[in-house]
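This report concerns only the one structure given below.
Numbers for residues simply follow the sequence, beginning at 1.
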Amino acid sequence: MKQIKIWALLATTIFSQNQAQNYLNYTVSNAHSHNDYEQKVPFWEAYYANFGSVEADVFLVNGKLWVAHTEKELSPDRTLESLYLDNISKQIKLNKGKIYPDSSKKLQLLIDIKQDYKISLNALSATLKKYPEITGNSGVKIVITGNRPQPSDFKNYPDYLFLMGILIKNILLTSLEESDYSVQICRGW
């Protein structure tokens, strides 16, 4: 009986140490700024805190991608370019080709398409052609969520766009709410 207690204590200690070590692997580089555009200073607050991910919800208005959570909140001075793409481009140039001064850090720009994905993704692709320093940068990942194509159509979009889907029991689901499921897949990851 004494041996069982010792083995149980040893197993618990090892398990606890492993769990503590797993938590130590997380830093702000793992942090995500959900609806980042709602911050007082979009992009910059997350960037200077060294977050690894920021999110922008977009609506296509007059050929431009405007950033807001709902259509009521749309404003022409809050575009994907002005809040995110111009700033990311600026930092890449400032950091000699890297998104952060520390070249081991990366940034995920999660773009939530709020309207028809075909028209919005075409506009996004056209806009991103002006930013080869972003689309060709291994330190920046552009992930599309929200309204998006079926997985069979992922191949029709540029490789620098990572299109999110949902995988459950080896079946890719795209028409159900993502919040109901915890496992997600993305082309290119």
Side-chain angles (χ1 to χ4, degrees), residues 22-60 64-69 73-75 77-115 117 120-149 154 157-167 178-179 182-189:
N22 287 337
Y23 293 119
L24 294 175
N25 292 330
Y26 290 98
T27 67
V28 289
S29 292
N30 303 105
H32 172 71
S33 182
H34 181 71
N35 295 344
D36 178 76
Y37 50 87
E38 293 181 343
Q39 301 302 320
K40 287 181 183 173
V41 186
F43 177 74
W44 293 111
E45 286 185 38
Y47 180 82
Y48 285 125
N50 292 303
F51 275 36
S53 181
V54 295
E55 176 184 352
D57 297 347
V58 298
F59 293 84
L60 185 64
K64 293 264 190 195
L65 292 164
W66 292 12
V67 176
H69 191 65
E73 300 162 331
L74 290 171
S75 174
D77 63 330
R78 298 178 58 83
T79 67
L80 186 65
E81 287 186 81
S82 67
L83 295 179
Y84 296 95
L85 300 178
D86 290 343
N87 294 325
I88 292 170
S89 175
K90 176 182 174 182
Q91 290 311 112
I92 290 171
K93 291 171 183 171
L94 183 68
N95 295 320
K96 299 179 176 87
K98 304 293 181 191
I99 183 61
Y100 282 104
D102 176 349
S103 63
S104 69
K105 293 184 178 181
K106 299 184 182 308
L107 180 70
Q108 171 181 275
L109 174 59
L110 193 136
I111 301 173
D112 189 336
I113 305 289
K114 293 294 195 176
Q115 299 165 308
Y117 74 84
S120 297
L121 282 178
N122 287 337
L124 177 61
S125 295
T127 299
L128 287 170
K129 285 181 181 179
K130 298 187 285 187
Y131 298 92
E133 66 282 2
I134 296 175
T135 60
N137 193 303
S138 63
V140 179
K141 183 174 282 188
I142 303 168
V143 178
I144 306 302
T145 188
N147 294 331
R148 60 201 179 278
F154 284 6
Y157 295 92
D159 288 340
Y160 58 76
L161 293 179
F162 294 83
L163 299 151
M164 191 178 284
I166 304 167
L167 181 68
E178 290 175 22
S179 60
S182 61
V183 180
Q184 298 186 0
I185 65 163
C186 184
R187 177 191 72 183
W189 275 347

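- Counting only heavy atoms from C-beta outward, the side chains of Val54 and Leu110 never approach each other to under 4.5 Å.
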Report the C-alpha separation of Tyr48 and Val41 in whole Å, then their side-chain angles, then the decisive distance to 0.1 Å, and conclude whether the side-chain contact (heavy atoms from CB on, under 4.5 Å) test is met.
CA-CA 11 Å; Tyr48 285 125; Val41 186; over 6 Å; no
side-chain contact (heavy atoms from CB on, under 4.5 Å) assessment of Leu128 paired with Leu85
CA-CA 8 Å; Leu128 287 170; Leu85 300 178; 3.8 Å; yes
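- In terms of heavy-atom proximity, Ser138 sits nearest to Lys106 at O-NZ, 3.8 Å.
- Two residues are said to be in side-chain contact when any heavy atoms from C-beta on lie closer than 4.5 Å; Leu161 and Phe154 fail this criterion.
- Residue pairs meeting the ring pair (Phe, Tyr, Trp, His ring centres under 6.0 Å) criterion with at least one member in residues 124-146, sequence neighbours excluded, do not occur.
- For Asp77, the side-chain contact (heavy atoms from CB on, under 4.5 Å) partners two or more places apart in sequence, or in a different chain, are Ser75.
- Counting heavy atoms from C-beta on, the side chains of Ile113 and Thr145 never come closer than 4.5 Å.
- For Lys130, the NZ atom is densely surrounded, since the number of other residues' heavy atoms within 6.0 Å is greater than 12.
- A donor-acceptor distance shorter than 3.5 angstrom exists from the side chain of Ser82 to the backbone of Thr79, with no hydrogens or angles considered.
- For the pair Leu124/Leu80, a side-chain contact is recorded, criterion being any heavy-atom separation below 4.5 Å from C-beta on.
- Side-chain N or O atoms of Arg148 include none that pairs as donor or acceptor with a backbone N or O of Leu121 at under 3.5 Å.
- Using a 4.5 Å heavy-atom threshold, the side chains of Tyr47 and Ile99 count as touching.
- One finds the OG atom of Ser125 at 8.0 Å from the OH atom of Tyr157 (value rounded to the nearest 0.5 Å).
- With 3.5 Å as the limit, one finds no donor-acceptor pair spanning the side chains of Gln91 and Tyr100.
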Dump the intermediate steps for side-chain contact (heavy atoms from CB on, under 4.5 Å) on Phe162 and Val143, then the final yes or no.
CA-CA 5 Å; Phe162 294 83; Val143 178; 4.1 Å; yes
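- Side chains of Leu74 and Val67 form no contact here, defined as non-hydrogen atoms less than 4.5 Å apart.
- The distance from atom CG of Leu109 to atom CD1 of Ile134, rounded to the nearest 0.5 Å, is 8.0 Å.
- Listed by first and then second residue, the salt bridge (charged side-chain N to carboxylate O under 4.0 Å, His left out) pairs that reach into residues 38-59 are Asp57-Lys114, sequence neighbours excluded.
- Annotation: Tyr37 is not in aromatic contact with Tyr84 [ring centroid separation under 6.0 Å not met].
- Closest of all the heavy-atom pairs between Pro149 and Leu163 is CD-CD2, 4.1 Å.
- Taking CG from Asp112 and CG from Asn147, the interatomic distance works out to 7.5 Å, rounded to the nearest 0.5 Å.
- Not a single donor-acceptor pair under 3.5 Å links the side chain of Asn87 to the backbone N or O of Trp44.
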Residue pair His69, Asn35: steps toward the side-chain contact (heavy atoms from CB on, under 4.5 Å) verdict:
CA-CA 8 Å; His69 191 65; Asn35 295 344; 3.7 Å; yes
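- Side-chain contact between Leu107 and Ser53: absent, with no pair of heavy atoms (C-beta onward) separated by less than 4.5 Å.
- The pair Glu81-Lys64 meets the salt-bridge criterion, with a side-chain N (NZ, NE, NH1 or NH2) lying under 4.0 Å from an Asp/Glu carboxylate O.
- Here the closest heavy-atom approach between residue Glu133 and residue Ile92 is recorded as O-CD1, 3.4 Å.
- Using a 4.5 Å heavy-atom threshold, the side chains of Lys105 and Asn50 count as touching.
- The main-chain N or O of Gly97 is never found under 3.5 Å from a side-chain atom of Asn95 such that the two would form a donor-acceptor pair.
- Using a distance-only test at 3.5 Å, with no hydrogens or angles considered, a donor-acceptor pair links the side chain of Thr127 to the main chain of Ala123.
- Distance check: Tyr117 OH to Asn122 CG gives 10.0 Å after rounding to the nearest 0.5 Å.
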